[in-house]
Every structure is written in structure tokens, then in C-alpha cells.
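Working notes for the structure below.
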Amino acid sequence: MRNARIPSKDVAAECGVSRAAIHQRIQRMIDMNVIVGSGYHVNPKILGYRTCTYIGVRLEKGSMYKDVVPELEKIPEVVECHFTTGPYTMLCKLYARDNEHLMELLNGHIQEIPGVTATETLISLEQSMNREIPIRKRNEE
């Protein structure tokens with residue numbers, strides 16, 4: 001999980017099994033939807049997106065979620081969206097270049113979506129941790 005680009009032969013050597021066994025195990029995890037993708041992670045700051053923000057979105061009705069999501073998908077800076085319990089109907093993560101850009105995204109796009117009644121903005125000052133859930137055998141606890 002820490003390095004998806006490591007050659008199978010190196011994983012096999014570390015685990016003491018054949019390269020074919022590693023390939024079969026990886027393929028099995030893909031088939032079981034344990035592994036759902038692979039690729040490169042982009043550093044938003046290097047691309048000029050210096051502000052990571054979480055937006056709590058309130059909707060007129062929770063059922064409007066299915067209509068609001070396609071509108072949020074049109075905003076490339078929105079990278080995650082969750083239908084939630086609690087004070088917000090939705091929680092979205094987005095990246096903005098700066099505060100001016102953030103205000104444009106909020107006032108000119110998100111708050112203009114039909115059904116959106118309010119937003120609350122939480123700016124991330126620093127990402128302290130980012131990891132995947134560990135894969136364990138079912139009998140491990």
C-alpha cells in the first residue's frame with residue numbers, strides 16, 4: 001500500500017513466495033474489490049492549489065442530494081463529496097488556489113446550486129495524516 005510501483009519480484013522476495021503467488025494475490029484482491037484502483041497521487045500545492053477546504057453543505061431536503069451531486073461534479077476543484085448525518089446534509093472537500101478563489105467557488109458555484117440553503121467552510125491548516133485502511137487477514141484483530 002505504501003508503494004504500488006514496487007516490482008512484484010521484490011514483494012515476492014520480501015514475503016518469501018513466488019512472483020506468481022504475489023500476482024495471484026493482488027489479482028484476487030482486485031477481483032474482490034479490496035483494491036479499487038492504482039495510479040499516481042497529485043500534489044495540489046505544486047499545481048497552485050494552496051488551500052484545502054471542507055465545506056459542510058445544508059440542503060432544503062436530504063433527498064435533493066442526488067440532484068446536487070451532479071452539479072458538484074461539474075466543479076473540478078471539488079474532489080470528494082459525502083452524504084452525511086449530523087448538522088450537514090453533505091460534506092465536500094475541495095482545493096482552491098487562494099481565499100479569493102475559494103470565495104468564487106462558494107459564492108459563484110456551490111451556493112448557486114438549487115437546493116443548497118447554507119454552507120460552512122472549514123479550512124485545513126495542515127494535513128497531519130493521510131493513509132489507507134490496513135489490510136489484515138480476517139482472523140487478525
Pairwise distance [atom1]([X]) to [atom2]([Y]) - rounded to 0.5 angstrom:
X	Y	atom1	atom2	result
Thr53	Leu106	OG1	CG	7.5 Å
Leu94	Cys52	CG	SG	8.0 Å
Asp67	Glu60	CG	CD	11.0 Å
Cys81	Tyr65	SG	OH	5.0 Å
Leu91	Glu80	CG	CD	8.5 Å
His82	Cys92	NE2	SG	8.0 Å

Exercise for the section: Give a yes or no on whether Ile75 and Leu59 share a hydrophobic cluster (residues Ile, Leu, Val, Met, Phe, Trp, Tyr; joining criterion: side-chain heavy atoms under 4.5 Å apart). Expected result: yes
Practice task
State yes or no: do Ile113 and Val57 share one hydrophobic cluster built from I, L, V, M, F, W and Y residues joined by side-chain heavy-atom distances below 4.5 Å, directly or via other members?
Solution key: yes
Would you find a donor on one side and an acceptor on the other, under 3.5 Å apart, between the side chain of [X] and the backbone of [Y]?
X	Y	result
Thr51	Asn99	no
Thr117	Arg58	yes
Arg50	Ala96	no

Exercise for the section: Determine the minimum heavy-atom distance between Met64 and Pro114, stating which atoms define it. Expected result: CE-O, 4.1 Å
Exercise for the section: Give the minimum heavy-atom separation between Ile110 and Leu72, together with the two atoms involved. Expected result: CG1-CD2, 4.1 Å
Practice task
Might you work through the side chain to side chain contact (heavy atoms under 4.5 Å, CB included) test for Leu122 and Ile55, ending with a clear yes or no?
Solution key: CA-CA 6 Å; Leu122 304 152; Ile55 310 292; over 6 Å; no
Exercise for the section: Name all residues meeting the salt bridge (Lys or Arg N to Asp or Glu O under 4.0 Å) criterion together with Lys66; count only those two or more places apart in sequence or in a different chain, and write none if there are none. Expected result: none
Exercise for the section: Please list all pairs passing the salt bridge (Lys or Arg N to Asp or Glu O under 4.0 Å) test where one or both residues lie in residues 108-129, with sequence neighbours left out. Expected result: none
Problem - Mutual orientation of the aromatic rings belonging to Tyr49 and His101 [parallel < 30°, tilted 30-60°, perpendicular > 60°] - result: tilted
Exercise for the section: Kindly determine whether Gln111 and Thr119 satisfy side-chain hydrogen bond (donor to acceptor under 3.5 Å, both in side chains), including the steps that lead there. Expected result: CA-CA 7 Å; Gln111 293 171 349; Thr119 60; 2.7 Å; yes
